[in-house]
Amino acid sequence: MIVFEDVSHDYGGGPLFRDVSVRLEPGSFHFLTGPSGAGKSTFLKLCYGELVPSDGKVTLLNRDLRKMSRDELAETRERIGVVHQDCQFLDHLSVELNVALPLSTTGRAVSQSDIGDLLGWVGLGERAEALPPTLSGGERQRAALARAIISAPNVLLADEPTGNLDWEMSQRLMMLMIELNRMGTAVLIATHDLNLIRFAKAQVQARVMRISGRKLQLAGSEL
Amino acid sequence: MIVFEDVSHDYGGGPLFRDVSVRLEPGSFHFLTGPSGAGKSTFLKLCYGELVPSDGKVTLLNRDLRKMSRDELAETRERIGVVHQDCQFLDHLSVELNVALPLSTTGRAVSQSDIGDLLGWVGLGERAEALPPTLSGGERQRAALARAIISAPNVLLADEPTGNLDWEMSQRLMMLMIELNRMGTAVLIATHDLNLIRFAKAQVQARVMRISGRKLQLAGSEL
Amino acid sequence: MSTAQISNLVVPGKGQSVWLVTLSAAAMAFLAVFALALSVTASKLAHTWSASLAQTATVRIAAPPQEIEAQTELVLEVLRTTPGISAARLMPVEDQAALLEAWLGPDLPLDALPLPRLVELTETATGPDRQGLRLRLAAEAPGAVYDDHTRWRRPLVQAASRLQGVALVSLGLIGAVTAAIIALASSAALSSNGQVIRVLRLVGARDRFIARAFVRRISTRAFFGALAGTALAMLVMLAVPNVGQTVPVFEGIGFDGVNWLWPLAVPPLAMALAWASSMATAFRVLRGVT
Amino acid sequence: MSTAQISNLVVPGKGQSVWLVTLSAAAMAFLAVFALALSVTASKLAHTWSASLAQTATVRIAAPPQEIEAQTELVLEVLRTTPGISAARLMPVEDQAALLEAWLGPDLPLDALPLPRLVELTETATGPDRQGLRLRLAAEAPGAVYDDHTRWRRPLVQAASRLQGVALVSLGLIGAVTAAIIALASSAALSSNGQVIRVLRLVGARDRFIARAFVRRISTRAFFGALAGTALAMLVMLAVPNVGQTVPVFEGIGFDGVNWLWPLAVPPLAMALAWASSMATAFRVLRGVT
Ligand SMILES: Nc1ncnc2c1ncn2[C@@H]1O[C@H](COP(=O)(O)OP(=O)(O)OP(=O)(O)O)[C@@H](O)[C@H]1O
Ligand SMILES: Nc1ncnc2c1ncn2[C@@H]1O[C@H](COP(=O)(O)OP(=O)(O)OP(=O)(O)O)[C@@H](O)[C@H]1O
Ligand SMILES: [Mg+2]
Ligand SMILES: [Mg+2]
């Protein structure tokens, strides 16, 4: 699905990480940890082509990121669900319409009942008609997750999806992502929450990667 | 410092909480928890006058919120440090200038070395010249905390200040807030992170409040 | 929800910057209609002036009384056969007397005087070969003098064509300023919607889709803004009393007849302008967002 | 960092909406200068026309040869003592002949004719009591006819004053449109900086401080924009060959002499306009943010 070969990234003030080689296979489940500012969000941005690496090769769904046209990149994005760390929405459209965007903007069929079910599962059933600016922090994250998975993507990338959620709701969302993974979606979650990682590891074969010291390492068994 | 008397709030779709009466005394330390969407951020917004309660009386630093003029409210805000859940900055000014804003916009003296020390403590020493949009999620939260405490406020309100931070950095920031509390600042932190609350309770006399079922309750000893 | 429907929804309908497009289109359309009116008026004026002045001339025949009739006949004959002259008419003595009255008073016994004869010509648009005409007249009727009024005519014709020039320059200026302001307003509308663009890119929308959504919204706004501005300007021009009716020299500042159709071109033009400028801006802004 | 310094920094200096203020101020200043030129020209034109036309008149004296000298003397005497007439001059016979030549030809023995005498008057600005003058002349010199050229004059004076009216209306229109566009652009600049306002309120900045920061930035922008627009317009007007030099009827479209100072009022006016509108908008926007 997503292949990094000797990838380095540098925003201009020295490299964040160097020579990262990693493969995210279909159906795999990965966590990404590391101290704040280590480059987790940067890594995810490389995975959906918001950034192009300063060095090395990134292959998204069998296409070289560097060689993709803007339309090919958009086409690839249709099949990658993303939960951004700062969840952004179209502030003038209801939560429901926002969640349906990945389908409606690319001409795919939108099923009202699917959207209703999904919003109910993430606990936003009653806020479906609300405008995004009136959502609470946690509600925004849940809406963003719903938007990322509405189109049953091949890959799900989630950046700190439970940072503003209580433990109960975090578990609920994690179950949703695990369910998705069982249906074949490759999942990559950047998080600081070790409890969450432990909870997931009990359910699914998950690997933990850690960015530290400019390297991507497989985290030790202490988790 | 901050007194709620029979306060209720309702955004229009039914009350979030009702008849809340609570006093935040100088030097007190409170946590606020509750499920996502319960009204924690709303409670904090009442504490610094971004919202006026739909019912009941809020007194900020001995002044009735309802009777304050806009300038009096601004004057009160000088003495209340706030970390918003979605940290907003002046995107065209460096982190350093943003952190100094509470002093510089109100005509108070800005000491470069104080700012340098504070940024160093929250781990942003090297990002002092960066523009806020280039910060990572956790770096934004740290910069927001630095901005909230630069003016040594009488009250510190923090909404999920460690949602995007690793455990080590969370502890570090918590120590900073505890230190501030020891010097007399009243602190109120909304958070989901039970580990953080436990960590703080080991250091300081902290009370935990919980919003649930439209009521504000003192949380039980299970924490 | 279909793609077309969602494409109408994704760009916020309100917001200062979208209003700015509407209102600047309205304002500039308003001005453009006035400039158009000035231009049409100047063009009519120039036409009237140069036509009425350029196409009249006189031939004055002074000769001893016994020859004058014969020479007048000759002159009229010559004029009838000269290409470029559509009519020649001998001015009756009464008309001549009326012309002279201002200077000579009503009592002068003009009949008794050996007054020269005046022949009024109407020339065609191209006019006769003036030098050739003078030579022929000199040969056939030595007492005849051809006067094409050049001396009086030139400054007025020049003035009229200058006025038209000024009006066209104004129209050009207003057009350019309109273009600049609408382009800038569209570009402000686009830039202030950076978040919309980022979100749409994130969910996999194509550049075409995003650009079309913006361009459609903006050019519709420009069209309706310009329509309102044009309508207002036309109303104002209808309400203001027509200057031409009272002052023959400046006949008809404003439109008349078929000229009322001119301003109807303003709204579609504004829309086309907004379309082109927002299209260009959209793709420029989009290239900055991955 | 002092409060004044930070107040200059808190509003982003770039951004489409701030450019919009600059550029719309420039564009509208450009148009305003042209409208001013039109207005100044029309005013000069109206003045020239009505002055040169209104203040000349003639008295024609027709009488039997033996009386004419006496009547002429009488008329001149009457005119000299009439208030509102600054000069009266008997037209020499040669001038009279030259005037008539166009109609009568050079060969007519004018000397032999009992030509009426013509007296040219120059009237003061207020002019004489025309009815009284006519009565007096009728009483003293029955052969004298006073002709104040009203018939020729009225349409031209009306035309000139209409032209001036049109120019003033244009100036008013451009002023109003400028005001609207600058106001809208300032308001767009403010609204698109909602985050700046929220952050400043959050850290305890007073409304005064926030409003001043915006207003200063926006009105400075408007001033420099208008300055650029004015300068450009003045350059264009200098570069375009002066129409007045070639066409006496339209003497001096454009400014001359001290009139070149007029356009200098445009940039301060634009600044004042931007100041007022952004001040109003700032406090309106601020009231919406707690
Ligand atoms: N556009 C940018 N320009 C320059 N530096 C940047 C840019 N974006 C991020 N950085 C810097 O790169 C580093 C890594 O950022 P990144 O967002 O990837 O961190 P992260 O691991 O997601 O941290 P967090 O857990 O706090 O979200 C940070 O120090 C950040 O300041
Ligand atoms: N401006 C608003 N208009 C209407 N409803 C609102 C508005 N702001 C918040 N709400 C609703 O009020 C409820 C409480 O919001 P609040 O932000 O206080 O929750 P919270 O406890 O902070 O949640 P979280 O932990 O997710 O941040 C939510 O359901 C939210 O959707
Ligand atoms: Mg991050
Ligand atoms: Mg909240």
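Letters A, B, ... are given to chains in the order of the sequence lines, protein chains preceding strands, and every chain is numbered from 1.
Summarising the geometry, atom CG belonging to B:Asp166 is positioned 7.0 Å from atom NZ belonging to A:Lys40; distances are rounded to the nearest 0.5 Å.
For residues 156-165 of chain A, a heavy-atom distance under 4.5 Å to chain B picks out A:Glu160, A:Gly163, A:Asn164, A:Leu165, given by residue number. Taking 4.5 Å as the heavy-atom cut-off, the residues of residues 129-143 of chain A that approach chain B are A:Ser136, A:Gly137, A:Gly138, A:Glu139, A:Arg142, ordered by number.
Under a cut-off of 6.0 angstrom, the local environment of CD in B:Gln217 is crowded, with over 12 non-hydrogen atoms contributed by other residues, nucleotides or ligands. Counted within 6.0 Å of CH2 on B:Trp167, heavy atoms from surrounding residues, nucleotides or ligands total more than 12; the atom is thus considered enclosed. More than 12 heavy atoms of other residues, nucleotides or ligands lie within 6.0 Å of CD in B:Gln203, so this atom counts as buried by the packing criterion. Within 6.0 Å of atom CZ in B:Arg18, 12 or fewer heavy atoms from other residues, nucleotides or ligands are found, so the atom counts as exposed in its surroundings. Crowding of A:Glu5 atom CD: a count of heavy atoms from other residues, nucleotides or ligands under 6.0 Å exceeding 12. Remark: A:Arg70 CZ is packed, more than 12 non-hydrogen atoms of other residues, nucleotides or ligands lying under 6.0 Å away. Residue A:Arg207 places its CZ atom among 12 or fewer non-hydrogen atoms of other residues, nucleotides or ligands, all under 6.0 Å distant. For B:Arg23, the CZ atom counts as loosely surrounded, since its 6.0 Å shell holds 12 or fewer non-hydrogen atoms of other residues, nucleotides or ligands.
Only the side chain of B:Asn195 comes within contact range of chain A, with heavy atoms under 4.5 Å apart.
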